[in-house]
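Computed from a predicted model, the values in this text were never measured in an experiment.
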Amino acid sequence: MKKSTSTIDKEIGSRVRMRRMSIGMSQEKLGEMLGLTFQQVQKYEKGTNRISVGRLVDIAMILGVEIPFFFDGVRSGRGNPGFAEDASPSYASEVMSTPEGLHLIRTFASIKNAKVRKSIVQLVTVLADSPEASEA
């Protein structure tokens, strides 16, 4: 019986994508360095295919991160977490996995003036709360 992928596989794949994009590496380049096709990298990143432990070690080395990077905040989804607080939303990794979000974060981080950064956050908050923000 074939094992299906889970939300954890999707989360780890999303983190691979986020890190790959943040260092400006293409799927083709990562695939080449792993001895895979870019389609296989794509399947890993979407969580369609599971990443083996050995392959994850190779990916971590290529992307220049430690293994815990892929698991930080990931929950097993099994059972009740008990008295522990819910994990924070994963919107940071969602934002960083898009070209627009990555560009926004890089550009925002380059602003040195704290008052300007605060004004931008206030502007984005107002824009997000506007009725037009929820329209497609």
Side-chain angles (χ1 to χ4, degrees):
M1 187 162 87
K2 186 181 182 222
K3 291 184 180 182
S4 63
T5 60
S6 69
T7 56
I8 294 172
D9 298 306
K10 289 179 177 73
E11 179 65 25
I12 292 170
S14 172
R15 290 171 190 231
V16 169
R17 176 178 167 80
M18 176 180 64
R19 178 61 183 164
R20 178 186 57 76
M21 290 178 69
S22 72
I23 64 172
M25 182 181 286
S26 68
Q27 288 178 332
E28 292 85 1
K29 182 66 177 172
L30 179 56
E32 177 184 312
M33 294 177 83
L34 291 167
L36 304 170
T37 64
F38 82 90
Q39 291 96 336
Q40 182 62 46
V41 172
Q42 201 170 49
K43 289 177 182 181
Y44 284 157
E45 290 181 355
K46 289 181 179 181
T48 307
N49 287 4
R50 289 184 167 187
I51 303 173
S52 71
V53 174
R55 180 79 71 203
L56 192 60
V57 169
D58 293 341
I59 291 171
M61 287 176 36
I62 291 167
L63 298 180
V65 294
E66 298 292 324
I67 296 296
F69 171 83
F70 300 108
F71 297 97
D72 187 34
V74 172
R75 294 172 43 177
S76 71
R78 292 184 182 159
N80 193 344
F83 293 107
E85 293 182 20
D86 289 339
S88 59
S90 63
Y91 46 79
S93 62
E94 290 174 20
V95 169
M96 294 228 6
S97 67
T98 67
E100 298 85 7
L102 188 58
H103 181 71
L104 178 66
I105 290 169
R106 281 184 178 155
T107 306
F108 183 81
S110 71
I111 299 170
K112 303 298 179 211
N113 186 315
K115 287 183 180 180
V116 172
R117 285 195 310 268
K118 186 175 181 178
S119 295
I120 291 170
V121 170
Q122 290 170 340
L123 171 64
V124 171
T125 302
V126 169
L127 290 172
D129 291 340
S130 73
E132 295 83 20
S134 61
E135 293 178 4

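- No chain of hydrophobic side-chain contacts below 4.5 Å, direct or via other Ile, Leu, Val, Met, Phe, Trp or Tyr residues, connects M21 to F38.
- Listed by chain and number, the hydrophobic cluster partners of V124 are F108, I111, V116, I120, V121, where partners are ILVMFWY side chains within reach of under 4.5 Å, directly or through others.
- The two residues D9 and S6 come nearest to each other via the heavy atoms OD2-N, 2.7 Å.
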Requested in this report: Could you walk me through whether M25 and I62 pass side-chain contact (heavy atoms from CB on, under 4.5 Å), step by step?
Outcome: CA-CA 10 Å; M25 182 181 286; I62 291 167; 3.9 Å; yes
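- Residue Q122 qualifies as enclosed at atom CD: its count of foreign heavy atoms under 6.0 Å is above 12.
- Partners of R20 according to the side chain to side chain donor-acceptor pair (under 3.5 Å) rule, which considers only residues two or more places apart in sequence or in another chain, are E45.
- Evaluation of the salt bridge (charged side-chain N to carboxylate O under 4.0 Å, His left out) rule for K46 yields no partner, not counting sequence neighbours.
- Judged as a side chain to side chain donor-acceptor pair (under 3.5 Å), and not counting sequence neighbours, D58 has no contacts.
- To the nearest 0.5 Å, atoms CG (L63) and CE (M18) are separated by 10.5 Å.
- Atom CD1 of I59 sits about 5.5 Å away from atom CG of L34, to the nearest 0.5 Å.
- Listed by chain and number, the hydrophobic cluster partners of L127 are L123, where partners are ILVMFWY side chains within reach of under 4.5 Å, directly or through others.
- In this structure, R15 contributes its side chain and D72 its backbone to a donor-acceptor pair below 3.5 Å.
- Considering CG of L30 and CD of Q40, their distance stands at 11.0 Å, rounded to 0.5 Å.
- Not counting sequence neighbours, the partners of S26 by the side chain to side chain donor-acceptor pair (under 3.5 Å) test are E28.
- Sequence neighbours left out, not one pair with a member in residues 98-115 passes salt bridge (charged side-chain N to carboxylate O under 4.0 Å, His left out).
- Other residues, nucleotides and ligands place more than 12 heavy atoms under 6.0 Å from the NZ atom of K10.
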**Report entry** Chi angles and distances behind the side-chain contact (heavy atoms from CB on, under 4.5 Å) call for I51, F70
**Finding:** CA-CA 11 Å; I51 303 173; F70 300 108; over 6 Å; no
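- Of all the heavy atoms in A60 and I67, the pair that sits closest is CB-CD1, 3.7 Å.
- Every residue was checked against the side chain to side chain donor-acceptor pair (under 3.5 Å) condition with Q42, not counting sequence neighbours, and none meets it.
- No side-chain heavy atom of Y44 sits less than 4.5 Å from a side-chain heavy atom of V16.
- Residue pairs meeting the salt bridge (charged side-chain N to carboxylate O under 4.0 Å, His left out) criterion with at least one member in residues 118-128: none, sequence neighbours excluded.
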